[in-house]
Amino acid sequence: AEKGAISITAKQGSYIVGCVNWAGAILSPIPLVYFGRKTLLFWGHLSMGVSLVVVGVFQIYEMSIPLIIALCWFITSFQFSQGPIAWMYAAEVAVDTALGLCVLALFLSLLEKAITMEFMVHSAMGPEGMFFLLGGITLVGAAFIAIYVKETKGLTDLEKKSLYTP
């Protein structure tokens with residue numbers, strides 16, 4: 001770092017990210033009172049996608065503090081959207097074996113990330129390329145949510161279970 005420049009260590013960044021993650025997990029039920037699942041999923045994915053692209057830009061310019069802030073932005077967006085809501089939404093709209101398939105898909109997506117993350121970071125695309133790729137995929141996910149996901153707020157259990165029946 002340049003003389004007089006403010007920077008943080010990786011350990012300090014990990015502590016900050018961990019604390020933001022914890023706070024987001026604690027506070028994540030609050031928006032569910034005011035907004036529908038689809039709304040939270042859409043805006044959360046949009047925010048996550050943009051924040052991942054921003055992380056990639058800060059990675060290119062080696063700006064550690066803005067990068068940590070953008071990561072915290074991503075984590076908060078995740079905690080208020082996909083983190084808890086994907087699981088809730090699946091349980092609300094799916095029945096029996098369909099719910100099993102939804103849970104399997106959610107776990108497989110986590111496994112895929114765990115397996116491919118290190119490969120992407122150490123590949124020719126590097127960390128910034130990984131963030132750009134994941135940001136782009138997440139923005140496509142936001143478009144998918146806007147087009148195909150149906151709102152469940154205010155519906156009865158029967159209406160929720162019937163949303164996707166032919």
Side-chain angles (χ1 to χ4, degrees), residues 13-56 68-123 125 127 129-166:
S14 293
Y15 289 147
I16 292 168
V17 166
C19 289
V20 168
N21 192 23
W22 176 81
I26 297 298
L27 298 173
S28 65
I30 295 171
L32 291 169
V33 175
Y34 302 102
F35 302 102
R37 310 280 197 255
K38 178 179 179 172
T39 302
L40 290 171
L41 280 172
F42 172 74
W43 289 105
H45 270 76
L46 195 63
S47 181
M48 286 189 300
V50 171
S51 66
L52 285 169
V53 171
V54 170
V55 168
I68 294 295
I69 291 169
L71 276 175
C72 290
W73 168 17
F74 168 81
I75 289 166
T76 304
S77 299
F78 176 84
Q79 289 290 12
F80 286 113
S81 63
Q82 184 181 353
I85 295 173
W87 300 91
M88 283 186 238
Y89 191 85
E92 286 180 342
V93 301
V95 293
D96 302 331
T97 52
L99 179 58
L101 291 173
C102 290
V103 170
L104 175 64
L106 289 166
F107 274 115
L108 287 176
S109 72
L110 293 173
L111 178 63
E112 172 270 325
K113 288 175 186 70
I115 291 171
T116 61
M117 196 71 64
E118 187 174 351
F119 169 77
M120 287 192 289
V121 167
H122 298 295
S123 73
M125 75 171 71
M130 178 194 68
F131 287 117
F132 291 140
L133 176 65
L134 294 176
I137 291 169
T138 304
L139 290 171
V140 169
F144 179 88
I145 290 165
I147 296 167
Y148 296 108
V149 171
K150 299 175 183 175
E151 184 57 72
T152 61
K153 187 174 179 71
L155 299 180
T156 66
D157 283 343
L158 182 60
E159 289 172 327
K160 290 175 188 177
K161 299 289 186 198
S162 301
L163 279 176
Y164 294 100
T165 52

Of all heavy-atom pairs linking Ser77 and Gly44, the shortest is CB-O, 3.9 Å
Gap between atom CG of Leu40 and atom CD1 of Ile85 - 0.5 Å precision:
4.0 Å
Quick check for you: to the nearest 0.5 Å, what is the distance between Trp43 atom CH2 and Met48 atom CE?
13.5 Å
ring-ring contact (aromatic ring centres under 6.0 Å, His included): pairs with one or both residues in residues 145-166, sequence neighbours excluded:
Phe144-Tyr148
How many angstroms lie between OG1 in Thr138 and CZ in Phe78, if you round to the nearest 0.5 Å?
10.5 Å
Checking side chain to side chain contact (heavy atoms under 4.5 Å, CB included) for the pair Phe132/Val53: CA distance, chi angles, key distance, verdict?
CA-CA 5 Å; Phe132 291 140; Val53 171; 4.0 Å; yes
CD1/Ile16 to CG/Asn21 distance, rounded to the nearest 0.5 angstrom?
13.5 Å
Scanning both residues in full, the closest heavy-atom pair of Leu133 with Met125 reads CD2-CE, 4.1 Å
Which heavy atom of Leu46 sits nearest a heavy atom of Ala142, and at what distance?
N-CB, 3.9 Å
Test side chain to side chain contact (heavy atoms under 4.5 Å, CB included) on Leu134 and Met117; report intermediate values, then the result.
CA-CA 10 Å; Leu134 294 176; Met117 196 71 64; 4.1 Å; yes
Shortest non-hydrogen separation from Pro31 to Leu27 and the atoms involved
CD-O, 3.6 Å
Take atom CD of Glu112 as the centre, draw a 6.0 Å sphere, and report whether it contains more than 12 heavy atoms from other residues, nucleotides or ligands.
yes
Step-by-step side chain to side chain contact (heavy atoms under 4.5 Å, CB included) determination, Thr165 to Val95
CA-CA 10 Å; Thr165 52; Val95 293; over 6 Å; no
From CG (Leu99) to CG (Leu104), nearest 0.5 Å
11.0 Å
Separation between NZ (Lys153) and CG (Leu32), nearest 0.5 Å, reads 8.5 Å
Strictly distance-based, threshold 3.5 Å: is any side-chain N or O of Gln82 a donor or acceptor partner for the main-chain N or O of Leu41?
no
Testing the basics here: between Met130 and Val121, what is the closest heavy-atom pair and its distance to 0.1 Å?
SD-CG2, 3.5 Å
Given the options Glu92, Met88, Lys161, Thr152 meets side chain to side chain contact (heavy atoms under 4.5 Å, CB included) only with Glu92
For the residue pair Ile145 and Lys38, what are the closest heavy atoms and their distance?
O-CE, 3.4 Å
Any side-chain donor-acceptor pair under 3.5 Å between Ser47 and Trp73?
yes
Applying side-chain hydrogen bond (donor to acceptor under 3.5 Å, both in side chains), name anything that partners Ser14, two or more places apart in sequence or on another chain.
none
Please walk me through it: do Trp87 and Val103 pass side chain to side chain contact (heavy atoms under 4.5 Å, CB included)?
CA-CA 7 Å; Trp87 300 91; Val103 170; 4.0 Å; yes
